[in-house]
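Following: one structure in structure tokens, then a few remarks.
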Number of protein chains: 2
Amino acid sequence: MAASRIGPNMTQIAKAVGVSSATVSNALSGKGRVSADLVEKIRATAAELGYVPSNAGRALRTGRSNVLGLVLPDISNPLFPQIAQAMEVAASNAGYGVLIADSRGDVTTQTQAIARLIERGVDGLVVIPRRGTRIGSVSCPVAMVDTPSTPGNTVSADHWEGGAEITRHLQDLGHRNFLFVGHDQASNVQNDRIGGMKAALGSDTRHQTIWIETLLNAQPDRTSLGLMDHVKSGVTAIAAVSDLHALRVLTELQTAGIKVPQQVSVTGFDDLVFAPVVTPSLTTVHMNMTQIAQIAIAALITEIETPRTIDPNIEHKNGAAVSHTVKADTSKVSMELMVRASSGPAVSPATPSPNGEIL
Amino acid sequence: MAASRIGPNMTQIAKAVGVSSATVSNALSGKGRVSADLVEKIRATAAELGYVPSNAGRALRTGRSNVLGLVLPDISNPLFPQIAQAMEVAASNAGYGVLIADSRGDVTTQTQAIARLIERGVDGLVVIPRRGTRIGSVSCPVAMVDTPSTPGNTVSADHWEGGAEITRHLQDLGHRNFLFVGHDQASNVQNDRIGGMKAALGSDTRHQTIWIETLLNAQPDRTSLGLMDHVKSGVTAIAAVSDLHALRVLTELQTAGIKVPQQVSVTGFDDLVFAPVVTPSLTTVHMNMTQIAQIAIAALITEIETPRTIDPNIEHKNGAAVSHTVKADTSKVSMELMVRASSGPAVSPATPSPNGEIL
DNA sequence: CGCACTTGGTTAATCGTTTAATCACGTCAT
DNA sequence: ATGACGTGATTAAACGATTAACCAAGTGCG
């Protein structure tokens with residue numbers, strides 16, 4: 001608390017104004033009964049002296065740290081910047097700080113990281129789960145941000161509907177033969193996205209799905225996804241569950257001489273930073289992280305700041321409360337389709353266009 | 001401090017063992033004089049009762065929060081996940097937590113974010129500066145992680161040498177006509193990288209440099225970087241200051257029908273998550289963030305934990321100490337060249353190869 | 001006029017940890 | 001034997017903010 005060692009405390013303000021420190025506290029917090037002009041005078045001298053409240057003192061007395069923990073299991077997630085920023089903004093607007101914890105995807109490290117956050121006295125946890133994440137018994141409220149189909153999910157983008165929008169868009173362009181590209185078959189998010197894609201398909205369409213991880217497990221040293229085979233068999237639209245995989249698809253097709261979108265349309269998900277600047281710019285689905293963060297943080301803080309006498313929802317084990325995830329009014333935030341240059345009208349698979357005819 | 005409300009405190013341990021709370025404190029911290037067997041007994045009962053120390057109580061008494069602030073001005077930085085993870089690991093190994101602050105690239109928001117961190121009582125700050133970042137007067141030590149040529153830099157990768165490695169690699173492959181692609185001419189990091197690239201060039205080479213931001217300012221709605229003109233004029237190697245821009249270059253060339261690396265080699269910087277999975281996989285330069293983070297955090301913590309009576313390096317202004325950046329023993333961490341598929345032997349520019357001849 | 005009530009403020013205890021000051025008690029040297 | 005000293009533990013005072021309990025004085029009303 002370097003700042004506090006230097007700056008003045010309430011007692012000094014009290015002395016300067018000529019009142020008790022309790023009155024200063026009441027005036028600044030607006031809680032007790034203090035006359036208006038005295039409040040004014042206290043505020044003024046506090047500002048003049050450059051008073052900054054000591055978080056430690058307040059935390060000790062109130063039992064709350066005004067800090068939330070952000071748990072990111074999969075650090076390599078390219079969405080992390082967006083998530084972290086949105087959470088930090090939402091939290092700091094509500095007067096909370098954000099302590100980060102991540103653990104190279106490892107589950108035990110993960111548990112330790114959460115324990116560290118708890119020991120640091122966070123008032124709540126925002127958890128972005130990935131495969132295998134299990135939140136054990138923690139003694140503070142938890143907001144889970146994943147996908148609506150995840151049990152205990154607090155809020156998230158509507159991945160299912162986002163997937164549906166993608167295939168509707170592609171069908172409107174005339175596409176009838178789809179290839180869906182996923183990475184990890186165990187991921188709830190990816191399953192929701194592909195589920196939505198499939199659900200919006202008309203009856204006159206064909207589709208296949210490939211999972212990159214499965215392919216890699218079978219042949220660990222492969223670099224190609226074997227997309228050409230699918231293109232030759234008539235696929236005209238390839239929809240990936242992430243921009244990262246869409247990029248992989250795009251570059252593989254381009255290297256093989258396939259024109260995008262003239263011969264094959266490619267779409268992604270997440271609107272990552274590179275999506276608008278690659279050639280052709282990537283049609284994708286954007287998630288409103290700001291809104292998701294606001295909802296998650298709001299739900300969490302409501303739970304934190306609601307005075308609890310005895311909460312029947314919390315089971316006690318060894319005297320400590322076990323994990324309880326909070327729920328929000330809105331749990332689905334709609335995603336926004338970003339139509340760019342990588343998706344275009346379907347060509348008839350029967351009459352493949354000569355190379356570069358259109359461009 | 002949800003955890004502390006539930007769990008036992010030192011007084012309860014003291015009561016259980018039959019000693020004073022001061023003895024418990026001494027036993028657990030190993031500081032005072034306590035007999036060995038008593039230490040053992042206290043440790044045991046503390047563990048048995050599930051004691052976890054209250055950070056608030058400790059912070060209040062010691063004046064230190066054991067929390068560091070991580071300041072990321074440019075949140076869209078795709079390197080952020082790596083940075084955040086490395087910092088968190090290094091900090092938590094040293095017993096510190098990491099509080100994040102970012103500010104949509106805005107300088108005033110940035111200042112507020114730093115102020116919030118200070119008010120939360122962080123013991124130190126790690127700052128990753130970007131254009132325009134100025135650290136005003138802060139009352140705690142600051143570690144600056146940018147590039148060696150930045151004044152006040154604490155530690156960073158050796159961007160200059162990384163750039164040199166790139167051009168040496170390309171020259172070894174026979175390239176003699178280079179195009180360097182930067183984004184922001186005001187960036188120290190980018191200037192160092194391009195500076196290193198140029199410095200390693202032999203006298204028999206030609207090179208030009210383009211800046212994306214400058215191009216965009218001139219024609220805000222342009223999508224192409226006009227690379228074809230350069231290729232036609234004989235450029236065989238295009239080196240970008242970031243994988244993001246290398247990706248832009250790569251896809252633009254591919255769309256135009258240029259084969260990479262058969263006709264033109266492309267290199268990036270940073271080894272971002274997509275670098276290994278695009279086709280062709282991207283030759284780039286990897287920075288050892290883990291090591292950088294360790295050095296930065298170590299320097300910061302040394303400064304924090306060194307007892308200071310009067311520090312002559314700190315000037316005082318209005319009673320508050322002004323910013324003082326710490327310095328580390330090692331300030332340059334070497335970068336590692338990652339040779340992948342996007343760079344290959346140069347073809348003679350005089351005899352352009354027919355499309356697709358090689359592949 | 002006196003009682004209840006409101007307003008505006010103070011006192012003092014409290015959160016949990018650390019640490020300087022102190023103390024009790026053997027031991028050792030003189 | 002006694003003063004000096006080392007050892008092992010205790011006491012009590014902080015750190016800074018919050019808040020329940022209390023009090024003084026003014027106001028309204030029967």
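Each chain gets a letter, A, B and so on, in the order the sequences are listed, and its residues count up from 1. Both backbone and side-chain heavy atoms feed into the values below; hydrogens, waters and symmetry mates do not. This structure is a prediction, so every number in the text was calculated from the model and none was measured.
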*Once you round it to whole Å, what is the distance between C1' of C:dG16 and CD1 of B:I13?*
11 Å
*Sequence neighbours left out, what passes side chain to side chain contact (heavy atoms under 4.5 Å, CB included) with A:Q12? Give chain and number order.*
A:P8, A:N9
*What is the distance from NZ of B:K31 to C1' of D:dT10, rounded to the nearest Å?*
19 Å
*Please report the shortest heavy-atom distance between B:R120 and A:G95, naming the atom on each side.*
NH2-O, 2.8 Å
*Per-nucleotide protein contact string for nucleotides 5-14 of chain C (B base, S sugar-phosphate only, - none; heavy atom under 4.0 Å)*: --BBBBB-BB
*Could I get the full list of side chain to side chain donor-acceptor pair (under 3.5 Å) partners for B:S20, not counting sequence neighbours?*
B:T23
*Name all residues meeting the side chain to side chain contact (heavy atoms under 4.5 Å, CB included) criterion together with B:A86; count only those two or more places apart in sequence or in a different chain, and write none if there are none.*
B:M289, B:A293
*What integer distance in Å separates B:R58:CZ from D:dG16:P?*
18 Å
*Grab the CG-P distance between A:N55 and D:dG16 for me, whole Å please.*
13 Å
*Picking from D:dT18, C:dT17, C:dT19, which would you name as closest to the side chain of A:M10?*
D:dT18
_Gap between atoms CG and C1', on A:L60 and D:dT18 respectively (whole Å)_ = 10 Å
*In whole Å, what is the span from the CG atom of A:L28 to the C1' atom of D:dG16?*
13 Å
*Please give, in whole Å, the distance from C:dT17 P to B:R64 CZ?*
17 Å
_I'd like to check the side chain to side chain contact (heavy atoms under 4.5 Å, CB included) partners of B:A44; sequence neighbours left out, ordered by chain and number._
none
*Of all residues at least two apart in sequence or in a different chain, which pass the side chain to side chain donor-acceptor pair (under 3.5 Å) check with B:N288?*
B:Q291
_Using whole Å, what does the distance between atom P of nucleotide D:dA17 and atom CD1 of A:I42 come to?_
13 Å
